[in-house]
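Dropping the structure in here first, questions after.
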Amino acid sequence: MTTEKVIIVTGGSGLVGKAIEWVIENDNGRFGRKDGEKWIFLTKATRAIFEKYKPTHVIHLAALVGGLFKNLKYKLDFLRDNLLINDNVLHTAHEYKVEKVVSCLSTCVFPDKTTYPIDETMIHNGPPHHSNFGYAYAKRLIDTQNKAYFDQFGHRFTSVIPTNVFGPHDNYDLQDSHVIPGLIHKCYLAKKNGTPFVVAGTGKPLRQFIYSRDLAKLFIWVLREYDQIDPIILSVGEKDEVSIKDVADTIVKYLGFGGSYSFDTTKADGQFKKTASNAKLLSYLPDFEFTQFDVAIQESVNWFLENYDKARTGNPT
């Protein structure tokens, strides 16, 4: 008799958690719901939750997150809160004999001064960028904890490192969003109010963007099939980098914006590129099909328009 797998997802109401839930419910192939699996999506994980559900597997997404301004201002909060969240989840998983934990890191864990493309072996090669070192070190230490739990107890705790994630249920707050949801919201307001759409910077920096529903499929694959403790980068390929101008052009297209559209080159661009290698991922899943960028942007824009009233927008005027 096969024992049922009970999978809890911490941070289940966020961008990635909602995407995993969508894939589990809607994918009819290898990534959808399987017999013998019970999925539970949570806003947070506490000892009482572990006691109630007795999970066999955990996808750990819960974190204190924020944009550049918050990271700069609250470095200790980002360090301490995330250390406590991560230690609570991993140690409780240890106490309840959870078979496997998959935690979510970020490309900000990588050293500020590095060579490109970055890969999984480089995480601890030097200090992260000073702007978000609190968050970055807390996330790095998940990898350290995973290895310590394996060395001492043989636990299968691992982690993934996504590149820039976007999609339905994103955070569209103009004060605290990432680039794609921020530009979608900004362009929407420009169209609504008949004002210019102005993008900060030159538009030249390059980024690898991964659609949240593609990332969700890869999370599910990692949970079911990836057997290493070492982390794995989940990303589109190096050839799929797009410029911020490409992003803005695509958003303008799918929002049907016909007004004044320009770039404010007096604003800083940030890092020009943060290219990551997905060679390790492709060695396991050489035929994985990523959603075309245009299609993913169109679906994201449509979700935003259909759900504006309940989206995380920060309620601007």
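This is a predicted model, so every value here is computed, not measured.
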Discussion item. Quick one about T275 and Q208 (side-chain donor to acceptor, distance below 3.5 Å, no hydrogens or angles considered), yes or no?
Written reply: no
Worksheet item: Taking atom types as modelled and ignoring hydrogens, do the side chains of S159 and S103 form a donor-acceptor contact shorter than 3.5 angstrom?
Response: no
Practice prompt. Would you please say whether a donor-acceptor pair under 3.5 Å links the side chains of Y211 and E299?
Written response: yes
Practice prompt. Give the ring-plane orientation class for H91 versus Y149, where under 30° counts as parallel, over 60° as perpendicular and anything between as tilted.
Written response: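 H91 and Y149: tilted rings.
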Worksheet item: For residues K280 and Q228, is any side-chain donor paired with an opposing acceptor at under 3.5 Å?
Response: yes
Worksheet item: Parallel under 30°, tilted from 30 to 60°, perpendicular over 60°: which one fits the rings of F304 and Y172?
Response: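 Aromatic pair F304/Y172 classed tilted.
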Discussion item. Can you pull out every side chain to side chain donor-acceptor pair (under 3.5 Å) where at least one residue sits in residues 14-35? Sequence neighbours excluded, please.
Written reply: E25-R33, R30-E225
Worksheet item: Among T195, I184, L174, whose side chain to side chain contact (heavy atoms under 4.5 Å, CB included) with L189 holds?
Response: L174
Worksheet item: Pairs in or reaching into residues 256-269: which pass salt bridge (Lys or Arg N to Asp or Glu O under 4.0 Å), with residues at least two apart or in two chains?
Response: D264-K267
Item to complete: Classify the angle between the aromatic ring planes of Y226 and Y284 as parallel (below 30°), tilted (30 to 60°) or perpendicular (above 60°).
Response: perpendicular
Discussion item. Regarding K147 and D151, does a basic nitrogen lie under 4.0 Å from an acidic carboxylate oxygen?
Written reply: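 No, this pair does not count.
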Worksheet item: Does E99 have any salt bridge (charged side-chain N to carboxylate O under 4.0 Å, His left out) partners at least two apart in sequence or in another chain, and if so, which?
Response: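 Checked E99 against salt bridge (charged side-chain N to carboxylate O under 4.0 Å, His left out); zero matches.
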Discussion item. Would you say Y261 and D249 are linked by a side-chain donor-acceptor pair, where the criterion is simply a distance under 3.5 Å?
Written reply: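 There is such a pair between these side chains.
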Worksheet item: Could you give all pairs that pass the side chain to side chain donor-acceptor pair (under 3.5 Å) test and reach residues 117-133, with sequence neighbours left out?
Response: D119-T121, H124-D143, H129-S131
Practice prompt. Write down the atom of R213, the atom of P168, and the distance for their closest heavy-atom approach.
Written response: NH2-CG, 3.6 Å
Practice prompt. Among residues two or more places apart or on two chains, list those pairs meeting salt bridge (Lys or Arg N to Asp or Glu O under 4.0 Å) that have a residue in residues 55-67.
Written response: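 Output for this query is empty, none listed.
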Item to complete: For the pair H185 and Y308, name the ring-plane relationship: parallel under 30°, tilted 30 to 60°, perpendicular over 60°.
Response: perpendicular
Worksheet entry | Short N-O contact, D77 and K70, less than 4.0 angstrom |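 No.
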Worksheet entry | Residues which pass side-chain hydrogen bond (donor to acceptor under 3.5 Å, both in side chains) with E37, listed by chain and number, not counting sequence neighbours |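 Scan of E37 (side-chain hydrogen bond (donor to acceptor under 3.5 Å, both in side chains), adjacent residues dropped) gives W39, R224.
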